[in-house]
**Q** 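Dropping the structure in here first, questions after.
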Protein chains: 2
Amino acid sequence: MNNAEQYLIENNINPSYQRVKIMDYLLNNRDHPTIDMIFLYLKPTMPKLSKTTVYNTLQHFVEKGITQIINIEDNEIRYDIDTSAHGHFKCTSCGKIYDFPYNINDITICGLDNFSIHQTHIYIKGICEKCNKKLKA
Amino acid sequence: MNNAEQYLIENNINPSYQRVKIMDYLLNNRDHPTIDMIFLYLKPTMPKLSKTTVYNTLQHFVEKGITQIINIEDNEIRYDIDTSAHGHFKCTSCGKIYDFPYNINDITICGLDNFSIHQTHIYIKGICEKCNKKLKA
DNA sequence: GTATCTGCAAAACATTTGCAATTCT
DNA sequence: AGAATTGCAAATGTTTTGCAGATAC
């Protein structure tokens, strides 16, 4: 039994062959993939894999609470196996998405008294350190 | 000359009939509309209006920097005439999107030293005050 | 044997593109 | 007339749906 399979079982998800492979991708490539990225990566070794299955599986993972949706860009949906509170930074030069920790107590939010907060997303866009160095050089 | 027309001229945008009407919507209905909401609202009084024009116009406003895109939901793009730094709260019960001011301490965001920050978006989902009161009653 | 899961094809939906007609100066 | 803008129709691209076949318990 591999990590992905074990992880699915721990979260009460039936570890089918496809689900294990997709979970394996998420655990070993922390690149906040799109559906397409997962599909194109797995397709060569799983010729009969359908994109529908990738859609269904990710939706299932989201419903089960073990994956979150990242909406940093308006024209693509990305997924993150890390559902803990953290922000996302997208470099508009190289396209890479970085995780960063934040402390909600250090963000002063006004006017939401008596509002119940269920989910918070912080998205930042800019130029990452690597690209900054390249641009300076 | 109305406010919308004046606002467009101040921002170096040719105030065509369609653009003025769309800007008028944005200024007077601060409801963070989708393309469809704008189109359906204006269509009755502008029978020849095309949805393409609404798309083109909003894209134009975004490029000119007088409108920003709100990506709080993965399946719909919304627009906001207020481009100042503020967060968005969506009530998952009534669907309304609220604006709220925020303040991020520099210390809060760890690991982004030497990163250039160009845009920040904070999205919160939960239950708004009104819906909370209704649910308690 | 029954329930679940998968994958194909088609459908639905949102957005973009090409282009001709219109408008404005 | 010339440049910008609009609106229709078609194209594109992504996500969902329906359903039959496969798989697992």
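Residue numbering restarts at 1 for every chain, and letters A, B, ... go by the order of the sequence lines.
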**Q** Starting from the 5' end of DNA chain D, give me the residue, A:Ile35 or A:Lys48, whose nearest nucleotide shows up first.
**A** A:Ile35
**Q** Does A:Asn14 have a side-chain nitrogen or oxygen under 4.0 Å from the phosphate oxygens OP1 or OP2 of C:dC5?
**A** yes
**Q** Does D:dG7 have OP1 or OP2 sitting under 4.0 Å from an N or O in the side chain of B:Gln18?
**A** yes
**Q** Would you indicate which nucleotide in C:dT15, D:dT16, D:dC8 comes nearest to any side-chain atom of A:Thr52?
**A** D:dT16
**Q** Send over the distance from A:Met46 CE to C:dC8 P, rounded to a whole Å.
**A** 12 Å
**Q** Answer with base, sugar-phosphate or nothing: what part of the nucleic acid does A:Lys51 contact at a heavy-atom distance below 4.0 Å?
**A** nothing
**Q** Step through it carefully: locate the ring centre of B:Tyr98, locate the ring centre of A:Phe115, and say whether they are under 6.0 Å apart.
**A** yes
**Q** Round to the nearest Å and state the distance from A:Met37 atom CE to D:dT15 atom P.
**A** 14 Å
**Q** Reckon B:Ser16 has a side-chain N or O less than 4.0 Å from the OP1 or OP2 of D:dT6?
**A** yes
**Q** Rounded to the Å, how far apart are B:Asn56 CG and C:dG18 C1'?
**A** 12 Å
**Q** Below 4.0 angstrom from OP1 or OP2 of C:dG7, is there any side-chain N or O of A:Thr53?
**A** yes
**Q** Would you check if the side chain of A:Arg78 reaches a backbone N or O of A:Ile72 as a donor-acceptor pair within less than 3.5 Å?
**A** no
**Q** Under a 3.5 Å threshold, yes or no: a donor from one side chain and an acceptor from the other, between A:Asp31 and A:Tyr25?
**A** yes
**Q** Between A:Asn11 and A:Tyr7 (side chain of the first, backbone of the second, donor and acceptor by atom type, cut-off under 3.5 Å), is there such a pair?
**A** yes
**Q** CG of A:Leu8 versus P of C:dC5: gap in Å, rounded?
**A** 12 Å
**Q** The side chain of B:Gln59 lies closest to which of these nucleotides: C:dG7, C:dT16, D:dG7?
**A** C:dT16
**Q** A:Met23 pairs by side-chain contact (heavy atoms from CB on, under 4.5 Å) with which of A:Ile66, A:Thr57, A:Asn3?
**A** A:Ile66
**Q** What's the closest nucleotide to the B:Tyr55 side chain, out of C:dT15, C:dT6, D:dT5?
**A** C:dT15
**Q** Just the rounded figure in Å: distance from C1' of C:dC24 to CZ of B:Arg19.
**A** 12 Å
**Q** Classify B:Leu49 by what it touches in the nucleic acid, base, sugar-phosphate, or nothing, heavy-atom distance under 4.0 Å.
**A** sugar-phosphate
**Q** Expressed in angstrom and rounded to an integer, what is the separation of B:Asn71 atom CG from C:dT15 atom P?
**A** 11 Å
**Q** Starting at CZ of B:Phe39 and ending at P of C:dC13, how long is that distance when rounded to a whole Å?
**A** 16 Å
**Q** Rounding to an integer number of Å, can you tell me how far A:Ile77 CD1 sits from D:dG13 P?
**A** 17 Å
